[in-house]
Each structure stands twice: as structure tokens, then as C-alpha cells.
*Asks:* 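Pasting a structure here, questions to come.
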Amino acid sequence: MRLYQVDPIEDGRWAKLVEKHPKASVFQTVAWLRALQRTYGYRPVAFTTSPLNGELKNGLVFCHVRSWLTGERLVSLPFSDHCEPLFDSDRDLHFVMEYLRADIEHRDWKYIEVRSVNGSFCQQGEEIGFKPAKGYSLHRLDLRPGLDELFRGLHKNSAQRRIRRAERAGIVHECGRSVKLLKDFYRLLVLTRCRHRLPPQPYAWYRNLVDCMDDALEIRVAYNAQIPIAAILTLRFRNTVYYKYGCSDANFNHLGGMPFLLWKTIEQSKGAGVDEFDLGRSDSDNAGLISFKNHWAQGPSKLIYWRFPAPDTLAFRETRRLNSIKRLFACIPNRLLVVTGRIIYRHIG
């Protein structure tokens, strides 16, 4: 058995593998990888046991992140909620990970990171020294039941009543990928991130997503008397819609714009034959966000980010560093938070 490297953007076999593999997600598509490369300069690379002159039967894709601030590393994948290894054979996956684990000794990589759902990477990773670095909750809603049944399954106060309130208030929404919708979305995103004292990702990231993802991406903006009050950005791959970003103007949150948009997404996704609504990851210590998503999809899955090498003190050090950074952001004016976002995100993917 041998290990091969392929460029997932230039090698057409990667797109074919992602399209047919049952474990694939939108985060492994060429469009998503191209947006990461355009915005942050990350170089994507996939490792496989398939020879270069044959069909690509498996693969694990990473981005090579180079940063003078946070170090050099392989991440599968930056700014992606999850990225399952596309392998049917445990033996082949074990070979690839064992090779990478040995190769890191001859590289300047700080670590290798794999983002796996449901602990499916657990056995393979632990056998070769990978350890959990961060844990999340992942909420996914089964859209196969009828719309009436789905609505009854939502939390009565936090979802059903807020949706009805938005309808009574005359909230309307627009859906698409126009420049106007993107700008309305980004203005609300900046408001939301600054409200939480966090820098927003650069506008270029969202513009590149729109350009690269094409009709796999939709922006939905809710309006009250032509004023944008809430917005979400969703992605679609095969029979799954992914809720990736959401934002709102807190002055209008009482109108229920966000629940209204989520419900409209469910309605339209059902009509398009979608089977699952992926509500994305939530930090395990973010009780408020987990509670909100529990109102829509109960029983979240465990999402674990595995790293090698990952000493036991790593998570503690990173949490302490993150808390220090958040205290710093709390002192920065909003306009400088936007500038900060344009500078730092390529270092933290």
C-alpha cells in the first residue's frame, strides 16, 4: 500500500468521489475548498491510497495553514463544522493516518486536526495517538416527516409562537445571492458579531462563497417595512441543507425574524426534496446556543476535533488564550473589530 497526494481543486477525480461517497458533506466540495483558498490562501491537499492513474476510491482532505502567528498545521478543514474521512476501509484510513503521524516528525507542522462526527474516527485516531482537542454539539433535523408534523415538533414558545408572531407582524423575506442581499446580510452579521464583542469574518469570505458555491448557496433576509432585521446563509449538498451563518438586529428580535427565516428554510427545503437540515455545531459550553437549537432539533450528535500531537494541557492553554483574546476584543471599538477580522481570520482557521 502507498500514499498519494492529490490537489482536490485541480484533480477532477476528487469532485467525483465527493459526489458519490455517503460520508461526504458540502465542506469537502471543490467550491468550498476554492473559497477557502481564494480568501485565506490555504492550500488544499487530499491524501489517498488510490494510484494517480486510477479511480479515486478514498481520501482525506486538509488545508495547509501557514501562519507566523499561530503556527503551521494541517486542518481538515478550516471554518468547516465537520469533515469526515471518505474511507470505506478502516485499514486504508489507518494507513493514511499512520503515515501522516510519522511524517509530522519531519515537518514544521504544529499539529494535524481531523473533525469527525459521532466519534467515527475515535478507534482509528486513538490507536495512532490522536486525542480529542475540542468537543461540540451538532444538531440535525430530519425533514422527511410532513410539514405539519415538523411544526408540531418545534418548541411551542421559542419557535412556533415566534414564527406566528413574525407572520402577524407582516415580516417578509427575500432569498437569493444578489449583491443587495449579501450586503444586507453582512451588515447584520457585523452588528451581531460586534454585539458579542467578536470580529466578523471579512466581507471577501462571503463574497467568495457566493461566487464559488453558486446555486448551492442561499441568503435569506427578513424585512420589517423594508428594514433588514435578520438573515441566514445556508448551503446545500445533495439532500442536506446546512445552516452556516445567522445574524440579526437586536432591536427587532422581538418580531421573531430568525425563527421565521429558519421555518421558511424548512418549508422551501421540503419542497425541493431535501431530507435533512444540518443546524451546525455549537460549542459544548455555549448553553444558550445549544438550548436554542434544541428547540428545533433535539438529541444532538457529538462532534469531536481530533489532534496529533495533542498534550493534555493543550485545551487548557487554548481556552486561557481565547479568554484573553475575548477580553481584548471587548475593549476594541466596533469599526476596529471589522478591521481586526480582516487581519486575523487567516491565522485561526
Side-chain angles (χ1 to χ4, degrees), residues 18 21-29 32-33 36 60-63 75-87 93 113-126 130-145 150 153-155 158-159 196 201 209 213 216-218 232-247 258-259 261-263 265-266 269-270 274-307 310 315 318-319 322 348-349:
V18 171
H21 202 283
K23 296 179 182 177
S25 74
V26 71
F27 302 116
Q28 290 148 314
T29 61
W32 181 264
L33 296 173
L36 286 170
L60 176 53
V61 64
F62 292 88
C63 277
V75 181
S76 181
L77 283 163
F79 305 116
S80 308
D81 290 1
H82 47 80
C83 185
E84 202 69 28
L86 304 184
F87 283 80
L93 175 59
E113 180 172 286
V114 177
R115 302 180 173 183
S116 177
V117 183
N118 293 324
S120 56
F121 183 75
C122 175
Q123 183 175 354
Q124 296 295 321
E126 288 185 330
F130 278 73
K131 295 182 180 179
K134 194 80 185 280
Y136 298 90
S137 293
L138 178 65
H139 289 78
R140 291 180 286 194
L141 177 64
D142 184 354
L143 297 185
R144 289 173 296 181
L150 286 171
L154 304 180
H155 191 276
S158 299
H196 294 294
Q201 284 182 270
L209 278 179
M213 301 298 298
L217 178 149
E218 287 187 327
I232 63 175
L233 186 152
T234 61
L235 308 168
R236 179 174 177 179
F237 176 70
R238 295 198 300 231
N239 291 327
T240 300
V241 165
Y242 300 79
Y243 166 59
K244 185 56 182 157
Y245 301 105
C247 45
M258 186 62 70
L261 288 176
L262 290 173
W263 178 246
T265 302
I266 290 172
S269 298
K270 280 283 296 179
V274 172
D275 293 333
E276 184 177 78
F277 189 21
D278 185 323
L279 287 160
R281 75 180 192 188
S282 306
D283 284 281
S284 56
D285 57 356
N286 192 336
L289 184 57
I290 292 174
S291 177
F292 172 78
K293 291 182 180 180
N294 280 338
H295 297 155
W296 296 80
Q298 297 182 4
S301 305
K302 288 183 178 180
L303 176 58
I304 300 174
Y305 290 5
W306 295 82
R307 285 185 188 176
E318 291 196 342
T319 299
L322 180 61
I348 62 177

*Asks:* Side chain of K23, backbone of P85: donor and acceptor closer than 3.5 Å?
*Replies:* no

*Asks:* To the nearest 0.5 Å, tell me how far L262 CG sits from F292 CZ.
*Replies:* 5.0 Å

*Asks:* Drop me the distance from I266's CD1 to L143's CG, to the nearest 0.5 angstrom.
*Replies:* 6.0 Å

*Asks:* Residues in ring-ring contact (aromatic ring centres under 6.0 Å, His included) with W32, at least two apart?
*Replies:* F27, W205

*Asks:* Just wondering, do L138 and D278 contact through their side chains at under 4.5 Å, heavy atoms?
*Replies:* yes

*Asks:* List the residues meeting side-chain hydrogen bond (donor to acceptor under 3.5 Å, both in side chains) with E276, not counting sequence neighbours, and say none if there are none.
*Replies:* none

*Asks:* Considering non-hydrogen atoms only, spot the tightest contact between G349 and V75 and give its length.
*Replies:* O-CG2, 4.2 Å

*Asks:* Kindly say whether I304 contributes a backbone atom to a donor-acceptor pair with the side chain of S116 at under 3.5 angstrom?
*Replies:* no

*Asks:* What pair of heavy atoms forms the shortest contact from G135 to S284, and how long is it?
*Replies:* O-OG, 3.3 Å

*Asks:* Return the minimal non-hydrogen interatomic distance between L150 and P145, and the atom names on each side.
*Replies:* CD1-O, 3.7 Å

*Asks:* Excluding sequence neighbours, so at least two apart, what forms ring-ring contact (aromatic ring centres under 6.0 Å, His included) with Y305?
*Replies:* Y136

*Asks:* Look at the side chain of E84 and the backbone N and O of V117, then say whether any donor-acceptor pair between them is shorter than 3.5 Å.
*Replies:* yes

*Asks:* Which residues pass the side chain to side chain contact (heavy atoms under 4.5 Å, CB included) test with S158, not counting sequence neighbours?
*Replies:* H155, H295

*Asks:* I need the R140 CZ to F277 CZ distance, nearest 0.5 Å.
*Replies:* 13.5 Å

*Asks:* How about L289 and D283: do any of their side-chain heavy atoms sit closer than 4.5 Å?
*Replies:* no

*Asks:* Could you tell me whether a side-chain N or O of S269 sits under 3.5 Å from a main-chain N or O of T265, the two making a donor and an acceptor?
*Replies:* yes

*Asks:* Residues in side-chain hydrogen bond (donor to acceptor under 3.5 Å, both in side chains) with D142, at least two apart?
*Replies:* R144

*Asks:* Which pair of non-hydrogen atoms, one from L33 and one from L77, has the smallest distance, and what is that distance?
*Replies:* CD2-CD1, 3.7 Å

*Asks:* Which heavy-atom pair separates L279 from Y243 by the least distance, and what is that distance?
*Replies:* O-CD2, 3.6 Å

*Asks:* Are any non-hydrogen side-chain atoms of V26 and T240 less than 4.5 angstrom apart?
*Replies:* no

*Asks:* Listed by chain and number, what are the salt bridge (Lys or Arg N to Asp or Glu O under 4.0 Å) partners of R238, not counting sequence neighbours?
*Replies:* none

*Asks:* By side-chain hydrogen bond (donor to acceptor under 3.5 Å, both in side chains), which residues pair with S282, not counting sequence neighbours?
*Replies:* K293

*Asks:* Could you report the tightest heavy-atom contact between P78 and L36, atom names first, then the distance?
*Replies:* O-CD2, 3.6 Å

*Asks:* Side chains of L209 and Y245: does their closest heavy-atom pair fall under 4.5 Å?
*Replies:* yes

*Asks:* Could you give the distance from CD (E218) to CE (M213), rounded to the nearest 0.5 Å?
*Replies:* 11.5 Å

*Asks:* Output all residues satisfying salt bridge (Lys or Arg N to Asp or Glu O under 4.0 Å) with K244, sequence neighbours left out; order by chain, then residue number.
*Replies:* D81

*Asks:* Of all residues at least two apart in sequence or in a different chain, which pass the side chain to side chain contact (heavy atoms under 4.5 Å, CB included) check with S137?
*Replies:* H139, I290, P300

*Asks:* Got a sec, which residues hit salt bridge (Lys or Arg N to Asp or Glu O under 4.0 Å) with E113, two or more places apart in sequence or on another chain?
*Replies:* R115, R307

*Asks:* List in chain and number order the residues that pass salt bridge (Lys or Arg N to Asp or Glu O under 4.0 Å) with D275, two or more places apart in sequence or in another chain; answer none if no residue qualifies.
*Replies:* none

